[in-house]
Amino acid sequence: MEKIKITFPDGTIKEFDKGTTGRQIAESISKGLAKEALAVEVNGEVWDLSRAIANDASLKILKWADDGGKYAFWHSSAHLMAEAIENIYPGTKFSIGPPIENGFYYDIDMGDHTLTGDDLSKIEETMYKFAGRDVPYQREEKQWEDAVVYFKKKGDPYKLELLEDLKGQTISFYHQGNFTDLCYGPHIPSTGRIKAIKLLSVAGAYWRGSEKNKMLQRIYGVTFPTKQELDEHLYRLEEAKRRDHRKLGQELELFLLTPKVGGGLPLWLPKGTIVRETLENFLREEQKKRGYLSVVTPHIGNINLYKTSGHYPYYKDSQFTPVKVEEEEYLLKPMNCPHHFQIYAAKPRSYRDLPIRLAEFGTVYRYEQSGELNGLIRVRSFTVDDSHMFMRQDQLKQELCDVIELIQLVFNTLGFSDFKTRLSFRDPKNKDKYGGEDEMWVQAEKDIKEAAELTKLNYYIGIGEAAFYGPKIDFMVRDALGRTWQLGTVQVDYVMPERFNLEYVGADGQKHRPVVIHRAPFGSMERFMGVLIEHFAGEFPLWLAPLQAVVLPITDQHLEYAQEVFQQLKAAGIRCELDDRNEKIGYKIRDWETKKVPYMIVVGEKEKEANTISVRQHKKGDLGSMSRDAFLSSTLEAIKQKTITL
RNA sequence: GCUGGUGUAGCUCAGUGGUAGAGCAGCGGUUUCGUAAACCGCAGGUCGUCGGUUCAAGUCCGACCACCAGCUCCA
């Protein structure tokens, strides 16, 4: 028998018979591994365990812990769900059912029938029943024509449309039980591996993602090899909901969204404003150190500004309707740049003055579709921590590096580690979408990439994600529910200076065109706050906490001493309150714990006698008694250092 | 904007055709208390809005509004 050489991840090489399968290889290693194996990665491609391996290959057995294993598992689960659906609702038409980050979905067309929660339970039950049969997933390869015949006979227009794109290729089908699907695979060995099933939700989704197409019903689900893992997953989902900034924002009185003002128009309550202003002041200080100049501009501007900038035709649909005043049209400003350009252009600029960095916390207004609004994270009115930096070409790379360094400082100070950086470049196949000359784009993308390298950014490249006027660096973070959002951004712009005819006089006495960087470390104060609330689960570090300490007298016989302590903390600049309510100490402690106040200062007879205070820290409990000065100095130091863990 | 779900007191929620409820929060009292909820009382709602069916609607029907999830979009 002919042999092939299999290389394992640890570098060992073993010989097997030609045509051996992943399952046989797993079995040859250990029984336990064979039992756990879900799929096999052959030369970087994920295959079914039952597929014969014909040539030398590097190979990895995939288990649940491997992404490839999970994806096969969930992909197979989607097929199991489809089988259950077809069994209960014959005639259902299936489109696509892929695995996703946390489970799987299937988009289906059930004609007039709309799925309800009861339907989901029924499907789930049937899935359990079918999984219990423990039947194998079997691959079958067909000629394209035969595949078309099959789905014509079955009457599945979506599958036929998918087949159109695969014309002439060999088509793979997968069978399990009574269900057959067009599928590239791979799949797990058998349905019996799926032990825990939860169908989570049903929602509309357009066929092939286009709003011009028919809306199908999408069922989201998740499955696991054990019940325990499902329970843990469901618990994590509940935890995430507890962190939801909309819920915490209401509980902690940070902000208010009310239809009486309008969708996506948040009102900042006093406590939320403290956090927000503290963040703003932090950035202002850092910008001051770096030579930024603060400016203030109005909330509306002549529509011609946006016609000049080119924003108007590109983004007409996402702006509020212009207002007409004395024959002129004004727009609620959707961005700050045109205003800042006018400040630059207000007088002649010399090459010696550059770079000029104009900064403003500028509130902008964008018309987002109603279905898009989402707490503070997607709003119609938000404040950009904006700056427009005007410079010579030779200064660009250094300025980019400095800006990235500033953003890194901001993210590190707030303890954001789970963020990604995307270099958003244009799509070279779709150049019409973008303004400006070709060589400008090539130069700008090169500069951005070099700056990213120099500052050791961990980045990936997003083709087609650029702004119309230039490429960007986008800082992306995830919210409590795992959705990814763009926060900070740095954009290189050669187009606007041209359109606004911005100039400076060079050493040669000639007029030159400056380059502009648009940048915002927070991105939008609203979105950033929303993500921050979830990041800290409402438990802000001391320097950001709206209320930093609260003084709790045991009885009103200690009120006078409590007053003295309170006044001292207040005078030292600590945000604090005195709780002189007629309540027992346990009640007060519980109350302030739920409000997530970092420190509680308990004072009673003992403390009054010894001239000390008892300190209780949020979530940690009693720290014991200490002198007032000791508490003050350590607290003030932690605030100054912007310490994240209390 | 599209599909589906939800909407009862400041908050969390009960109430499936027959006089709007509870807990917490609030207010008034009693209690003076040592590290996560003392006790008594009071007040608080055009049941999202508008229209319809009915002797009678929080409850059934319709339209609209808002919010939630997803889709599409996102400077």
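From a predicted model like this one, the values you see are computed outputs, not experimental measurements. When reading the values below, keep in mind they use all heavy atoms of this one structure, side chains included, and skip hydrogens, waters and symmetry mates. A note on names: the letters A, B, ... follow the listed sequences, proteins ahead of strands, and every chain is numbered from 1.
Taking only side-chain atoms of A/M215, from C-beta outward, the nucleotide of B/C68, B/U3, B/U35 with the closest atom is B/U3. Looking at the side chain of A/R246, the nearest of the listed nucleotides B/G34, B/U35, B/C68 is B/C68. Listed nucleotides: B/C2, B/C73, B/A37. Nearest to the side chain of A/Q369: B/C73. For A/D622, the side-chain atoms get nearest to B/U35 when compared with the rest of B/U35, B/G34, B/U32. Of the candidate nucleotides B/C33, B/U72, B/G34, B/U72 has the atom nearest to the side chain of A/E372.
Looking at heavy-atom distances under 4.0 Å, A/Y587 makes contact with sugar-phosphate atoms alone, never a base. Counting any heavy atom pair closer than 4.0 Å across all strands shown, A/R218 reaches sugar-phosphate atoms only and no base atom. Base contact: A/G371 has a heavy atom under 4.0 Å from a base atom. Backbone-only engagement by A/N374 is indicated by non-hydrogen atom pairs under 4.0 Å involving sugar-phosphate atoms exclusively. Within the 4.0 angstrom heavy-atom criterion, base atoms lie near A/V602. Backbone-only contact: A/Y220 has heavy atoms under 4.0 Å from sugar-phosphate atoms and none from a base. Within the 4.0 angstrom heavy-atom criterion, base atoms lie near A/Q319. The residue A/Q250 sits close only to the backbone: its heavy atoms come under 4.0 Å of sugar-phosphate atoms, none of a base. A/K588 comes within contact range of no nucleotide atom at all, as no heavy-atom separation falls under 4.0 Å. When heavy atoms are screened at a 4.0 angstrom cut-off, A/E465 is found touching no nucleic acid atom at all. Using a 4.0 Å heavy-atom cutoff across all strands shown, A/E593 reaches at least one base atom of the nucleic acid. As judged by a 4.0 angstrom heavy-atom cut-off over every strand, A/I554 is placed among the base-contacting residues. Residue contacts shown for A/E605 include a base, since a base heavy atom lies under 4.0 Å away. Among the protein residues, A/P334 comes within range of the nucleic acid bases, having at least one heavy atom under 4.0 Å from a base atom.
Atom name C1', nucleotides B/G48 and B/U59: the rounded distance is 16 Å, in whole Å. Rounded to a whole angstrom, the distance from the P atom of B/U49 to that of B/U35 is 48 Å. Of the C1' atoms belonging to B/U72 and B/G10, the separation is 37 Å, rounded to the nearest Å. Between the C1' atoms of B/U46 and B/G41, the separation comes to 28 Å (whole Å). Spacing between B/C33 and B/C39 at atom C1', rounded to whole Å, works out to 13 Å. Taking atom P in both B/G1 and B/G23, one finds a spacing of 41 Å when rounded to whole Å. Nucleotides B/A63 and B/A56, compared at atom P, are 23 Å apart to the nearest Å. Spacing of P atoms, B/G15 relative to B/G45, comes out at 23 Å, to the nearest Å.
The partner of B/A37 cannot be assigned: no Watson-Crick or G-U wobble pair with both contacts below 3.5 Å exists in any strand. Across every strand in view, B/G10 sits in a pair with B/C24 that passes the Watson-Crick or G-U test at under 3.5 angstrom. Here B/C73 sits opposite no nucleotide as a Watson-Crick or G-U wobble pair (both hydrogen-bonding atom distances under 3.5 Å). Nucleotide B/A63 has B/U49 as its partner under the Watson-Crick or G-U criteria, with both atom distances under 3.5 Å. Judged by Watson-Crick or G-U wobble contacts below 3.5 Å, the nucleotide B/A57 has no partner. Remark: B/U16 base-pairs with no nucleotide in the shown strands. Criterion, Watson-Crick or G-U wobble with two distances under 3.5 Å. Under the Watson-Crick or G-U wobble criterion, with both distances below 3.5 Å, B/A43 is left unpaired in every strand shown.
Side-chain atoms of A/Y367 stay outside donor-acceptor range of the base of B/G1, with no qualifying N/O pair under 3.5 Å. Remark: the A/R378 side chain and the B/C74 base include a donor-acceptor N/O pair separated by less than 3.5 Å. For B/C71, its base never sits under 3.5 Å from the side chain of A/Q217 at any donor and acceptor pair. In this model, no side-chain donor or acceptor of A/S210 finds a partner on the base of B/U72 within 3.5 Å. You won't find any donor-acceptor pair under 3.5 Å spanning the side chain of A/R366 and the base of B/C73, going by distance alone.
A salt bridge links A/R357 with A/E399: the distance from a Lys NZ or Arg NE/NH1/NH2 to an Asp or Glu carboxylate oxygen falls below 4.0 Å. With respect to A/R242 and A/E239, a salt bridge is recorded, a charged nitrogen being found less than 4.0 Å from a carboxylate O. A/R218 has a carboxylate O that lies under 4.0 Å from a charged side-chain N of A/D107, or vice versa, which qualifies the two as a salt bridge.
Residue A/T555 is the one, among A/T555 and A/V615, whose nearest nucleotide of RNA chain B lies closer to the 5' end (criterion: closest heavy atom). Of the two residues contacting RNA chain B, namely A/L257 and A/T114, the nearest-nucleotide position lying further toward the 5' end is that of A/T114.
When the P atom of B/A66 is taken as reference, atom CG of A/L265 falls 12 Å away, rounded to whole Å. In this entry the distance linking CZ of A/F255 with P of B/C67 reads 13 Å, nearest Å.
In this structure, A/Y365 and A/H299 have tilted ring planes: the angle between them lies in the 30° to 60° band.
For A/T258, the side chain to side chain contact (heavy atoms under 4.5 Å, CB included) partners are A/L256, A/K260, A/V261, A/L267, not counting sequence neighbours. The side chain to side chain contact (heavy atoms under 4.5 Å, CB included) check on A/K595 picks up A/D591, A/W592, A/V597, with sequence neighbours excluded.
A donor and an acceptor atom, one from each side chain of A/R208 and A/S210, are nowhere located under 3.5 Å apart.
Between A/S201 and B/G70 there is no side-chain N or O to OP1 or OP2 distance below 4.0 Å.
A/F631 has its ring centre less than 6.0 Å from the ring centre of A/Y599. Aromatic pair A/Y469/A/H518: ring centres closer than 6.0 Å.
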